[in-house]
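Written below as structure tokens is the structure these notes are about.
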Amino acid sequence: MLVTINVAMLLLLAVFLYMLKRKNVKFSVRVMIALVLGISLGIGLQWTFGADSQEITNSMPWYNIIGNGYIKLLQMIAMPLIFISILMAFTKMTIGKKFGKIALFILAMLIGTTAISAVVGIGTTTLFNLEADQIIQGEAELARGEALVERAETVQDVTLPQQIVELFPANPFYDLTGARATSTIAVVMFAVFLGFAYLQVVRREREISVTIKKGIDAIYALVMGVVRIVLQLTPYGILAIMARTVATSDFGAIYSLGKFVLASYVALIVVFIIHLIILALTGLNPVLYVKKAAETLIFAFTSRTSAGTLPLNIQTQTERLGVPEGIANMSGSLGLSIGQNGCAGVYPAMLAVMIAPTVGINPLDPSFLIAVILIVAISSFGVASVGGGATFAAILVLSALDLPIALAGVLISVEPLIDMGRTALNVSGSMTAGVTTARLTGELDTQIYNTPAADKPLVES
């Protein structure tokens, strides 16, 4: 009976969100309302029953139908969208003429900001004096640590050359399923090969290239149609996800790890400020960037998926920031698998510095710090973009540094809370790469960038 009441409360709130949609309330407002309602519902459930109660345990599978169902739909569109977005980049003439220069700038920005993120993570961890052995490990943390060790066995004995080989798409159709940890970068590589092939066709058989371009445009329009349908479900997904997360969270553990949570968000905010400084150095107004990117960053924060945010990422760059569509598609897509500032930069660097003292390594030793920064930058290639990306990056970095991976499990209680900020920073990093690349190559429409944000929402009601 109580489970039925819990589920009914979720459904009533979902109906309320639908009524807001019928009244043409802006998408971003509905997402924020869903976030607040989800947190409130989660607090109410935990206060009434307790995180480990049977009522919560039996109710959450029903909540997962909406929450996890929404995440699975985002995963469904991720690979097709990445693939077709890269191809679309090649069909733009400006990309065709300046591809090498543009690709170099985007990669340099993504990898460079990830290296900077590692430095910030190291500095923040040192400033807050964080060490892994300071944290009390319960059953959940120990179980998480054992799971990480098991997962690490698949990559621990793999050499760097072998890791590089794993990035290549032996079977692109298999990688389109997202079956491998490096599937995202493999799909990007496959799309890039097809893109270069398209450019050759343009030079040799222009009539055929026109047909190919029409086909790519048609597939892109179809995929984006699916994307728009899925994005309309965002408020309901956020409602269920936040309710479940808060209802099942161990607030005692979160309180005990509050120092790490605070340090993490300090690092994430510092890197975001660095993004704004980079924009300012190119002569752009960083305040305008914040205003125009806010809706997309809020979506990334609440949904915790960089891949699911890709369509909003591209749309924000093109419609609000003045980035050409080709550059926006490329920076957004590459940013899903290369140089994720939060998941592949800040997080593994903080873990490495926290864990190093437990095995007698001085985390402030210059050679160790240089090794951390270099390994973080290199390991940022191929990080998964929908869930588990930060874990995979941490395993690669800790394995390369020969540090105990199991200790990374001590943070399981605060993972969802930190992952929200990491995802938003990942998306900001890819947008910053797109804007600065367009600016440096003279492709940025400064009139669009400098125009105040229009009232038109990114997702139509």
Side-chain angles (χ1 to χ4, degrees), residues 77-110 167-177 183-228 307 310-338 430-431 433-449:
I77 64 175
M79 288 302 184
L81 184 58
I82 294 168
F83 175 74
I84 198 63
S85 294
I86 290 290
L87 273 182
M88 276 287 290
F90 280 89
T91 64
K92 308 301 174 182
M93 291 305 295
T94 53
I95 287 288
K97 294 176 181 176
K98 299 181 179 180
F99 174 80
K101 187 176 181 180
I102 288 170
L104 181 62
F105 279 153
I106 291 175
L107 289 174
M109 277 296 302
L110 291 173
L167 299 177
F168 288 88
N171 185 344
F173 299 101
Y174 178 70
D175 284 317
L176 281 167
T177 66
S183 284
T184 305
I185 190 65
V187 169
V188 169
M189 292 178 67
F190 179 54
V192 167
F193 274 106
L194 289 179
F196 277 120
Y198 166 78
L199 294 180
Q200 290 181 348
V201 174
V202 170
R203 288 193 294 268
R204 297 174 183 174
E205 302 175 84
R206 184 162 293 275
E207 290 185 7
I208 295 178
S209 72
V210 171
T211 303
I212 294 173
K213 185 179 184 305
K214 287 182 179 178
I216 293 173
D217 290 343
I219 295 173
Y220 184 80
L222 186 62
V223 171
M224 287 305 296
V226 176
V227 167
R228 281 189 286 271
L310 179 59
L312 298 184
N313 182 336
I314 294 172
Q315 193 177 352
T316 299
Q317 289 191 57
T318 55
E319 295 183 6
R320 296 184 174 182
L321 299 174
V323 179
E325 195 170 357
I327 294 177
N329 283 339
M330 185 160 292
S331 65
S333 300
L334 290 178
L336 296 180
S337 55
I338 298 172
S430 68
M431 286 198 290
V435 174
T436 52
T437 296
R439 177 68 166 175
L440 293 174
T441 56
E443 299 288 334
L444 185 71
D445 190 329
T446 53
Q447 185 175 354
I448 293 177
Y449 185 95

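The residues of the chain are indexed from 1 along the displayed sequence. Remember, predicted model here, so these are calculated numbers, not experimental data.
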| message | What's the separation between atom CE in Met330 and atom CG in Leu87, rounded to the nearest 0.5 Å? | response | 10.0 Å
| query | How far does CG of Leu336 sit from CG of Leu81, to the nearest 0.5 angstrom? | reply | 8.0 Å
| Any side-chain heavy-atom pair of Val435 and Tyr449 under 4.5 Å | yes
| task | Could you please spell out the steps behind the side chain to side chain contact (heavy atoms under 4.5 Å, CB included) verdict for Ser333 and Leu310? | result | CA-CA 7 Å; Ser333 300; Leu310 179 59; 4.1 Å; yes
| request: Using side-chain hydrogen bond (donor to acceptor under 3.5 Å, both in side chains) as the criterion, list what pairs up with Thr437, not counting sequence neighbours. | output: none
| task | Name all residues meeting the side-chain contact (heavy atoms from CB on, under 4.5 Å) criterion together with Thr446; count only those two or more places apart in sequence or in a different chain, and write none if there are none. | result | Arg439, Leu444, Asn450
| Rounded to the nearest 0.5 Å, what separation is found between the CG atom of Leu321 and the CG atom of Asn313? | 9.5 Å
| message | The test is side chain to side chain contact (heavy atoms under 4.5 Å, CB included); show your working for Ile86 and Val192 and say whether it passes. | response | CA-CA 7 Å; Ile86 290 290; Val192 167; 4.0 Å; yes
| Candidate pair Met88 and Thr91, rule side chain to side chain contact (heavy atoms under 4.5 Å, CB included), full reasoning | CA-CA 5 Å; Met88 276 287 290; Thr91 64; 4.2 Å; yes
| query | In Å and rounded to the nearest 0.5 Å, what is the CD1 to OG1 distance from Ile216 to Thr211? | reply | 11.0 Å
| With Gln200, which residues qualify under side-chain contact (heavy atoms from CB on, under 4.5 Å), at least two apart? | Arg203, Arg204
| Value rounded to 0.5 Å, distance of CD in Glu325 from CD in Glu319 | 9.5 Å
| Which heavy-atom pair separates Ala438 from Val323 by the least distance, and what is that distance? | CB-CG1, 4.1 Å
| Can you list the residues that meet the ring-ring contact (aromatic ring centres under 6.0 Å, His included) rule with Phe83, with sequence neighbours excluded? | Phe190
| message | Does any part of the side chain of Tyr198, heavy atoms only, come nearer than 4.5 Å to the side chain of Leu194, both counted from C-beta? | response | no
| request: Please name all residues satisfying side-chain hydrogen bond (donor to acceptor under 3.5 Å, both in side chains) with Asp445, sequence neighbours left out, ordered by chain then number. | output: none
| query | Atom CD1 of Ile82 and atom CD1 of Ile77: how far apart are they, to the nearest 0.5 Å? | reply | 10.0 Å
| request: Under the side-chain contact (heavy atoms from CB on, under 4.5 Å) rule, collect the residues that match up with Lys101, sequence neighbours excluded. | output: Phe105, Thr441
| query | By side-chain hydrogen bond (donor to acceptor under 3.5 Å, both in side chains), which residues pair with Ser331, not counting sequence neighbours? | reply | Gln317
| said: Going by side-chain contact (heavy atoms from CB on, under 4.5 Å), name the residues that satisfy it together with Ile208, two or more places apart in sequence or in a different chain. | reply: Val201, Glu205, Ile212
| said: I need the minimum non-hydrogen distance between Ala433 and Leu110, along with the two atoms involved. | reply: CB-CD2, 4.0 Å
List the atom pairs, donor and acceptor, that lie under 3.5 Å between side-chain atoms in residues 168-176 and the rest of the protein, sequence neighbours left out.
residue	atom	partner	partner atom	Å
Asn171	OD1	Phe173	N	3.2
Asn171	OD1	Tyr174	N	3.2
Asp175	OD1	Arg180	NE	2.8
Asp175	OD1	Arg180	NH2	3.2
Asp175	OD1	Ser183	OG	3.1
Asp175	OD2	Arg180	NH2	3.2

| note | Heavy-atom nearest pair, Val227 first then Pro311, reads CG1-CG, 3.2 Å
